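These notes are about the structure you will find just below.
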Amino acid sequence: MSSQILVSRPLAPQSVPATSLPVQSPQVAQNTGPYSSSGLATAGFRTAKYLHEEWQQGNLATFYRAFSDRDQSETGRHEAKQLVTETEARAQRSQADCTKSLGERLLDIHFWKSELAREIRDVEAETQLLVQQKGRLERALDATDIPFSIATDNLKCRDRRRGSELVRDEVELELLKEVDLIRNVQELLKRTLDQTVQQIRQNRDAKENLEMDYSDKVEAYEFDDKCGRYNNQSTDIQFHRNSSKYEDNTSTPESWAQYTHENIYKAERERMASINLRSLIDSILQDISEDLEAQSAAIAVEFEKRCREVEDAKQKLEMHLKKTLEEIGGQEKNIAALKQAINDKSPPLKVAQTRLHDRSYRPNVELCRDHVQIRLVSEVGELTDSLDALKLKLEDSEQSLRNLEDTRMSLEKDIANKANSIFIDREKCMTLRTRYPHGMKLLGYQ
């Protein structure tokens, strides 16, 4: 669009002022003296007759007055013509200067309008990128619910271990550490999400200010463009009496440019803050993804290590149980043998005691403490001692058998507890941990 408007006709050349005529002051003859008719009143004749000299002087005065009036009129015409020419030229110059100023003003408005449009596009694009990062934060925050539920479920499952297996081992310590880590991650993500929402609001406020300024400049551009197209032949021009006064709320060119510059500066500042926040979000998501995956890997190692340790202890217990069962079987056979030996001692003891009883009925001097009597007494004593020894050994063997049974029950219970622990750790916990979210989900891309 051209900012220049053609004037209706070319400027008039400057006129040369006319030479001023000498001003003469005519002297009118006074009707006085000895031949004057002034004051002569005669009856029946006209009064106030002039002399010939007076008549001539009157004609000369009339001639000079006519000449002076023509001279003044001619001078006035020249001055008027010069004034018309000068005012026409001044009006055309003023109109051309205003048209040029309007064109320069249009260029200034177009420049700032272009800067505003560029900044609006940049802020809008940056806001969209920040909105995408906000979505990543929300998805990453939702993704942390799965590891948290897995870790808490693992802890609850391991609380169902029985007996001595309910131990605070390294697996439990790592699980508790994972729960604390996930809680800290969730708090960090929530704070970052709140900061992101606030930054998006600030970006949109800055964009709104830019759009309002841009809208005002578009409207002002249309008005100035319309004004720049006005000329003396325009049909939609008219008088506006009070249009030449300054409004109270008008701005200066400096404040006008400063206002737009500050809007752009604030928008750029918010845009740079948004860029830095997006970089921070990338770093945070990358760090939490690596930390959670590292913690998950550490827990998997501890689970595997604990399962091998419990399985090794279980195998050893099963070996001891096998040997204990073998010993129980041997002890039962031993008890049976001891009982049989005790039973086997009853007939000889009966025989010896019967012999002694029957020999006690020998008459008179025949009741002799002979070698047979001594040996029978000795035999009864030996058999009684043997029975006592066998009974004592039987009691010891039975107590040993009871101890072996208790040991067997304890081993079987411990083996069952360890089997239960292995089932919980391997089948429950480790199987559930296979559902642990992968890196892309923790990064918020899914």
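Values reported hereafter were calculated over all heavy atoms of this structure, with side chains retained and with hydrogens, waters and symmetry mates removed. Treat the numbers as computed from the prediction; the structure is a model and nothing was measured.
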Test item: I150 and N154 side chains (from C-beta on) under 4.5 Å apart, heavy atoms: yes
Distance-only polar pair, side chains of S234 and N231, donor-acceptor under 3.5 Å: yes
Check: S397 side chain, K393 main-chain N or O, donor-acceptor pair, under 3.5 Å: yes
Salt bridge present between E311 and R308 (N-O < 4.0 angstrom): no
From CA spacing to verdict: salt bridge (charged side-chain N to carboxylate O under 4.0 Å, His left out), E74, R70: CA-CA 6 Å; E74 185 179 358; R70 288 196 312 272; over 6 Å; no
Close side-chain approach of V310 and E165, heavy atoms under 4.5 Å: yes
Considering all heavy atoms, the nearest A143-P147 contact: O-CD, 2.8 Å
Distance-only donor-acceptor check, side chains N334 and Q331, under 3.5 Å: yes
Of all pairs that satisfy salt bridge (charged side-chain N to carboxylate O under 4.0 Å, His left out), the ones with a partner from residues 209-218, not counting sequence neighbours: K207-E211, D213-K217
Tell me which donor-acceptor pairs under 3.5 Å the side chains of residues 285-293 have, and how far apart each pair is, sequence neighbours excluded?
unit_1 : atom_1 : unit_2 : atom_2 : d
Q286   : NE2    : E290   : OE2    : 2.9
E293   : OE2    : G439   : N      : 3.0

Short side-chain donor-acceptor distance under 3.5 Å, Q198 and D194: no
Exercise: identify the closest heavy-atom pair between N232 and I237: O-CD1, 4.2 Å
Side chain T384, main chain V380, donor-acceptor under 3.5 Å: yes
H320/D414 under side-chain contact (heavy atoms from CB on, under 4.5 Å): CA gap, chis, key distance, verdict: CA-CA 11 Å; H320 283 287; D414 204 359; over 6 Å; no
From CA spacing to verdict: side-chain contact (heavy atoms from CB on, under 4.5 Å), D396, L392: CA-CA 6 Å; D396 293 339; L392 181 62; 4.2 Å; yes
K190 and L193, any side-chain heavy atoms less than 4.5 Å apart: no
Short side-chain donor-acceptor distance under 3.5 Å, Q258 and E254: no
Nearest heavy-atom neighbours spanning R271 and N203: N-OD1, 4.5 Å
Approximate separation, where rounding is to 0.5 Å, of T324 OG1 and D406 CG: 11.5 Å
Could you pull out every donor-acceptor pair under 3.5 Å between side chains of residues 336-343 and any protein atom, sequence neighbours left out?
unit_1 : atom_1 : unit_2 : atom_2 : d
Q340   : NE2    : D344   : OD1    : 2.8
N343   : ND2    : K339   : O      : 3.2

Beyond-backbone contact of N209 with Y259, side-chain heavy atoms, under 4.5 angstrom: no
L280 and L277, any side-chain heavy atoms less than 4.5 Å apart: yes
Charged N-O contact under 4.0 Å between K314 and E318: yes
With R433, the salt bridge (Lys or Arg N to Asp or Glu O under 4.0 Å) member among E178, E427, E304: E178
CD1-OG distance between I328 and S400, expressed to the nearest 0.5 angstrom: 9.0 Å
Minimum-distance pair of heavy atoms, taken over all atoms of E379 and P348: OE2-O, 4.4 Å
Pair E309 + R306, salt bridge at N-O below 4.0 Å: yes
Check: E270 and Q199 side chains under 4.5 Å, non-hydrogen atoms: yes
Closest non-hydrogen atom pair, Y221 against H110: CE1-CB, 4.1 Å
Heavy atoms of other groups near E219 CD, more than 12 under 6.0 Å: no
Check: T260 side chain, A257 main-chain N or O, donor-acceptor pair, under 3.5 Å: no
Over all atoms of both residues, closest heavy-atom pair of C368 and Q373: O-CB, 3.9 Å
Sub-4.5 Å side-chain heavy-atom contact between R375 and S378: yes
Check ion pair R402-E405 (N to O, under 4.0 angstrom): no
Stepwise side-chain contact (heavy atoms from CB on, under 4.5 Å) check, V123 with E126: CA-CA 5 Å; V123 172; E126 177 58 33; 5.7 Å; no
Ring geometry between H261 and Y265 (parallel below 30°, tilted from 30 to 60°, perpendicular above 60°): parallel
Within 45° cone and under 6.0 Å: R426 NZ/CZ vs F303 ring: no
Pair E124, Q128: side-chain N/O donor-acceptor within cut-off below 3.5 Å: yes
Nearest-0.5 Å distance that lies between atom CG in L411 and atom NZ in K418: 9.5 Å
Salt bridge R435-D153, side-chain N to carboxylate O under 4.0 Å: no
Whether over 12 other heavy atoms sit under 6.0 Å from M212 CE: no
Any side-chain donor near an acceptor of the partner, E88 and Q92, under 3.5 Å: yes
Spatial distance of atom CG (L102) from atom CG (D97) [nearest 0.5 Å]: 11.0 Å
Worked verdict on D282 versus Q133 for side-chain contact (heavy atoms from CB on, under 4.5 Å): CA-CA 8 Å; D282 286 333; Q133 293 292 77; 2.8 Å; yes
Euclidean distance, K113 NZ relative to L116 CG, rounded to 0.5 Å: 10.0 Å
Any donor-acceptor pair under 3.5 Å from N420 side chain to A416 backbone: no
Pairwise distance CG(L376) to OG(S360) - rounded to 0.5 angstrom: 11.0 Å
Heavy-atom side-chain contact between N417 and R161 under 4.5 Å: no
Salt bridge K226-D236, side-chain N to carboxylate O under 4.0 Å: no
Side-chain donor-acceptor pair present, R183, Q186, cut-off under 3.5 Å: no
Polar side-chain atom of R359 near backbone of L356 as donor-acceptor pair, under 3.5 Å: no
